Each structure stands twice: as structure tokens, then as C-alpha cells.
Protein chains: 2
Amino acid sequence: MAEKEPKFTRDLPESRRRQLIEATARSLARHGLDGTTVRVVAAEAGVSPGLVRHHFAGMHDLIAETYRWTGKEVEKGLRAALTAAPDHPEAQLRAFLDASFSTPMLNPDLLGVWLTFWSLTRTDPVIHEIHGKVYADYRKRLQRYISGIAEEKKLSLDPRIAALALTALLDGLWLEHCLDPSTFTASEARQIAHDWVDNLKAGRFMAGAKREEPIPAVAKVG
Amino acid sequence: MAEKEPKFTRDLPESRRRQLIEATARSLARHGLDGTTVRVVAAEAGVSPGLVRHHFAGMHDLIAETYRWTGKEVEKGLRAALTAAPDHPEAQLRAFLDASFSTPMLNPDLLGVWLTFWSLTRTDPVIHEIHGKVYADYRKRLQRYISGIAEEKKLSLDPRIAALALTALLDGLWLEHCLDPSTFTASEARQIAHDWVDNLKAGRFMAGAKREEPIPAVAKVG
DNA sequence: ATAGTTATTATACGTTTGTATAATACTCAA
DNA sequence: TTGAGTATTATACAAACGTATAATAACTAT
């Protein structure tokens, strides 16, 4: 009596879709957009290539869905770190910064996925829309903290501009550290971010008057 | 007497190589890494596909050379803006900032090319090496300006850390503006950068004491 | 003018891509 | 236990990929 050994196991569409999405994320991280093919993703998920087309409209659709999922996953991870911190603007912001430069976030694989999406943002309208939504949420969160601190410390500043600056700083630090971790440590990145907040609290940010427009004097590039 | 009309015109290898490199840059910007094929590049350059293999070891080699060329081209463009500015650390730095957010630099196509290289940096050792060199030069330049200002203003700061922070800020602003110019204007980006320098001059940067390491409290992501 | 060099084109080949179709077999309900 | 539904696999196919090869023709030097 040989045990009957199923050739494959069925799964609920929703479950299988997520398995394929996670496999796509892993592939994007390891092999880039080029290396992420229907067959590679299927192999990574341990299913047949045909199944991809059964659950998604096509490779294009699968990548877009992977963006949505990754964005939510990052958001979830960061939000989790905030529950432990006191319910106070500065404490929340500082916890957010620490979480941004914690090991799970400094994963070069995560950057690999993100770079793919950034690239697609430029040409793909669907990805572009997802990008706008993800970043708007991100900035909105930072701006809330900054406004809270400004109100408390009676600072006069433009919270929108400040949020833009901090977002750019964090993005840049994260990007460059993941691209080449040997350049600076995660601890140094954290220090830079926290110092930025120190400056904000000191009321020295966005205190300058309007500047005159510079004279364009650069040759065409690219 | 019909004029004899050559089927093609010859060119010096060096010249033709650059034409192909520039065509590759345009293609990377417009169609991404996927869309940048031997045939597309050849069409863009107005030559036959076979010519690519004649001048380059392969598609891989062509892309690497395009990175080198683009890096030098950007460096050249920025350096040109500095010759017009007074030979003084702060003036040079401010001119550098203005040039960084001038129209030729805020070209989304340029970002398109750059994103490709960032992606490849993670998997390709050759590209990784080029990346390291390009960024080291960039940071070295900023650090020189910052050290000059610090010396003049008798500020005590860590020029390396400061250069890292400014590099990240500029990279982030540039990246995000190119990805979605509707979020903030080039003028706002310039303002943020100059305000950072104001803070630097006020001696408020990197003044904070050492911070304790945070408790990792983030779930795994990616 | 003429010969030699080689940049350039033309053509072809094997691989891999995304997608489509039909057959299979797991799961659940009756 | 049987039958229906469909998740899953297997196979196939046209298109496009990078690369290799040989023929062609533009330029240079003599």
C-alpha cells in the first residue's frame, strides 16, 4: 500500500497570489528586473510557470502588485516600532528614525526591489500612481510629527518644507548605505538624522529669508 | 550624372564609440534597462546592430562604459558652474548647490540612467567599482568645501559626517524631484540645500553628544 | 589609379522571453 | 462514493534577445 503522494497541493487564490508576490520580491532583489522572469518567479515559489498567468493578468501586473505589497509591508514594519514609543511627537519621530535605520530596513535586497520600482515609475503610469500614493503617505506622517514638535516648541517653520527635507535626507542615507555599506555605518546614519531633529528643535531650520534665483551656468548634460 | 550616395559613412572608432554610448544613455532614460537592447541602441545611433559588437565586447560592456561616461559628464557639468563662482569655499559650495538643481541636472532622463546603474551596482562587480569611484569623488569635493568653511568660521565639526549628510540630502532631493516634479519645485529644493549650509555656518551641525543605541523593535521586512 | 585595411552591413543561429492552449488532478459538495 | 469546479501542470508557439559569421564598401596610403 504506497501512500498516495499528491503531485501538487491546491491553495486558495489569495494565498497563492501572496506566495507569488513574495517570490517576485525575492527575485527582484537577487536578480534585478531583468532576471525576474515568469519562470524564475515560478521556480522561486515552487510552482509551475503557467500558474503565474492564472493568478495575474501578466508579468506586468505581478510586478505592480509586488510594489503595492512591499510598500504596505514597509509601512507596517515602521508603524510597529512606533507603538512601543511614547505617544509624543518627538518621541514618535525619533523612534521612526531609529526604525528607518534598523537592520531589517537596511537590507540591500529591499533596496533592490525599491530601485526596480523607481525605474518603472518613470515609464509606467500604473507604477507612477502607486509611487505617488506611497510617498505622499510617508511625507504626511513625517509632517505630522514635525508640526507637533513645532507647535510644542512654539517654532515658526514651514512643516511641508521641513518634511520634504527630512524625507530626502532619510531616503538619501538609506539609498547610499544600502548601495555601499562600507562608506558609513548605520549608527552614523542614525546620528545624522537625529542631529537634523536637534537643529529643527533649535529653531534654526527654515529661518533664512528668500534667496534670489541663481544664474544658470551649467552646460547641458545627459 | 547621379551623385554617388554612400550607403554609410565611416567614422573613427573613438567617435563611433561615443555615439553608441550616448545612444545607450538616451535609451536607458527612455526605455529603461529592459528596453535597452542591441537593436534599439543601434537604431537610436542610426547604425546597424552588428556595429555594437564590433566596438564593444558586448551589451554588458557598453552599459558599463555608459556609466563611466555619464559620471564624467555630470562631473564636468558641475565643475563648469564653479569656474564662474569666486574662489572661496562657501561661494564654491553654494554655486555647486545651485548647479545641482539647475535644469540640465533635474532632467528625469538623467535619473533614468542613474537608476539603472544603481540597480546594477548591487549585482555587477564592475559597475560596483565604478560606483564607488564616482561617489568617492563626489563626497571628497563636498568635504573639501565644508572643511574650508569650518576652518574659516572656526567651527568644530566632523567634515566627513557633514559631507555624508549633505550628499544624502542632495541625492534624496534630486531623486525625489526627478521621480515626481509635482511634489516640490526646484527652487524649494535649492532653498532646503542652502538652509542646510546656513545651519552648518551657525555651528549647530554635529553639535550633539553621542546617542545611545536604540532598541531594535522592528519586524522583518522584505 | 589602385591595393589594402577595416569599419560597417547583412544574415543567421540558438536561447529565452511572455503568453496561449489543452490536459491533468486536487478539493469540496452532494 | 461520485461528480463538478477549477487550481495546477504540461506543452507549444511566435517574437525578441545577444551573439557569431561572412560579405561588402568606404576610406587611406601608396
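In the text below, chain A, chain B and the rest are named by the order of the sequence lines, each starting its count at 1. Computation of the quantities below employed the complete heavy-atom set of this structure, encompassing side-chain atoms and omitting hydrogens, waters and symmetry-equivalent molecules. Just so it is clear, the structure is predicted and the values come from calculations on it, not from any experiment.
Taking atom CG of A/Asp11 as the reference point, atom C1' of D/dT6 lies 13 Å away to the nearest angstrom. Nucleotide C/dT17 holds its C1' atom 16 Å from the NE2 atom of A/His31, rounded to whole Å. Straight-line distance from the CG atom of A/Leu12 to the C1' atom of D/dA7: 10 Å, rounded to whole Å. Computed from coordinates, the A/Phe56 CZ to D/dT8 P distance equals 12 Å when rounded to whole Å. Straight-line distance from the CD1 atom of A/Ile63 to the P atom of C/dT17: 13 Å, rounded to whole Å. Here C/dA7 presents its C1' atom at 12 Å from CD of B/Gln19, a figure rounded to the nearest Å. Atom pair A/Asp34:CG and C/dT16:P shows a separation of 15 Å (rounding to whole Å applied). Put simply, CZ on B/Arg16 is 11 Å from P on C/dA7, counting in whole angstrom units.
Closest approach to the A/Met59 side chain among C/dG18, C/dT9, D/dT19 is made by C/dG18 (side chain taken as heavy atoms from C-beta onward). Of the candidate nucleotides C/dG18, C/dC26, D/dT8, C/dC26 has the atom nearest to the side chain of A/Arg10. The side chain of B/Phe8 lies closest to C/dT9 when the candidates are D/dG18, C/dT9, D/dA12. When distances are taken from the side chain of B/Pro6 to each of C/dT19, D/dG5, D/dA26, the shortest belongs to D/dA26. Among C/dT27, C/dA7, D/dT19, the nucleotide with an atom closest to any side-chain atom of B/Leu51 is C/dA7.
Residue B/Val47 is in sugar-phosphate contact alone, with no base atom involved, counting any heavy-atom pair closer than 4.0 Å across all strands shown.
The side chain of B/His55 places an N or O atom within less than 4.0 Å of a non-bridging phosphate oxygen (OP1 or OP2) of C/dT8. Side-chain nitrogen and oxygen atoms of B/Thr37 include at least one within less than 4.0 Å of the OP1 or OP2 phosphate oxygen of D/dC17. For C/dC26, the OP1/OP2 oxygens have no side-chain nitrogen or oxygen of A/Thr9 closer than 4.0 Å. Between D/dT8 and A/His54, no contact under 4.0 Å exists linking OP1 or OP2 to a side-chain N or O.
Nearest heavy-atom pair across A/Thr121 and A/His131 is OG1-CB, 3.7 Å. Scanning all heavy atoms of the two residues, the minimum distance from B/Arg16 to B/Val47 falls at NH1-CG1, 3.8 Å. Contact between B/Ile192 and A/Ala165 at its shortest, heavy atoms only, is CG2-CB, 3.5 Å.
Between A/Asp171 and A/Tyr135, the side chains place a donor N or O and an acceptor N or O closer than 3.5 Å (distance only, hydrogens not considered).
Mapped onto DNA chain D by nearest heavy atom, A/Arg39 and B/Val40 fall at different nucleotides, with A/Arg39 at the one closer to the 5' end.
The pair B/Lys72-B/Glu75 does not meet the salt-bridge criterion, since no charged nitrogen lies less than 4.0 angstrom from a carboxylate oxygen.
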